[in-house]
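Presented below is the structure to which this report refers.
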Amino acid sequence: MIEFYLDGRSGVSPYLQLVQQVRHALRLGVLREGDQMPTVKEVVAHLAINANTVLKAYRELEHEGLVAARPGVGTFVTATLTNASLAAHGPLRLELQRWLAKARRAGLDDESIEALFMTTFRTTAQEDIA
């Protein structure tokens, strides 16, 4: 089961954060076809947000064909975004954890690490296109 969280400093709207977290969980195999999503009531109670925010996120995911609501039963995952399980990503995850530890030992805080990662990610992606 996915456990949502909100980052008030991200600048990303709460509904979009929920959508992104579901997409990430689908990519990493944390969520699989048939899994039941937390109810709107559960998410509202956990995050203290408006029910319409959760409904908007679930509608977006439904529009993308990733989840489907079954009236009176709940919302369920209907598609995945990867064929690989989380275990298949184990070696990469381990390398990333080591890299994060090095970055922290170098004195970088979370925001600096994120900035470095995103800048490098985008630069590499642009170089791959060129």
Do any N or O atoms from the side chain of His46 and from the backbone of Glu3 form a donor-acceptor pair under 3.5 angstrom?
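No, His46 side chain to Glu3 backbone: no donor-acceptor pair under 3.5 Å.
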
Test your reading of the model: is there a side-chain donor-acceptor pair from Thr120 to the backbone of Leu116, 3.5 Å cut-off?
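The answer is yes, because a donor-acceptor pair under 3.5 Å joins these two groups.
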
Near Gln97 CD, under 6.0 Å, is it more than 12 heavy atoms from other residues, nucleotides or ligands?
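Correct, the count exceeds 12.
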
CD (Glu64) with more than 12 external heavy atoms under 6.0 Å:
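Yes, because the 6.0 Å sphere around CD of Glu64 holds more than 12 heavy atoms from other groups.
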
Contact between [X] and [Y] at the side-chain level, heavy atoms closer than 4.5 Å - yes or no?
X      : Y     : answer
Met37  : Val67 : yes
Leu61  : Val19 : yes
Ile113 : Trp99 : yes
Val54  : Tyr15 : no
Ile49  : Leu6  : yes

All side chain to side chain donor-acceptor pair (under 3.5 Å) counterparts of Arg59, not counting sequence neighbours:
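Partners of Arg59 by the side chain to side chain donor-acceptor pair (under 3.5 Å) criterion come out as none, since no residue qualifies.
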
Return the set of residues passing side chain to side chain donor-acceptor pair (under 3.5 Å) with Asp7 (not counting sequence neighbours), or none when no residue passes.
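If we apply the side chain to side chain donor-acceptor pair (under 3.5 Å) test to Asp7, skipping adjacent residues, there are no hits.
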
For a side-chain contact (heavy atoms from CB on, under 4.5 Å) check, start with the C-alpha distance between Thr80 and Arg32, then their side-chain angles and the critical distance, and finish with the verdict.
CA-CA 6 Å; Thr80 183; Arg32 297 187 176 146; over 6 Å; no

Joint hydrophobic cluster, [X] plus [Y], side-chain heavy atoms closer than 4.5 Å:
X      : Y     : answer
Phe117 : Leu28 : no
Val30  : Leu96 : no
Leu16  : Leu81 : yes
Phe76  : Ile2  : no

Say whether Ser112 and Asp109, considering side chains only, have a donor N or O and an acceptor N or O under 3.5 Å apart.
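Present: a donor and an acceptor within the cut-off.
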
Are Ser10 and Gln17 linked by a side-chain donor-acceptor pair shorter than 3.5 Å?
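Note: Ser10 and Gln17 side chains meet the donor-acceptor criterion.
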
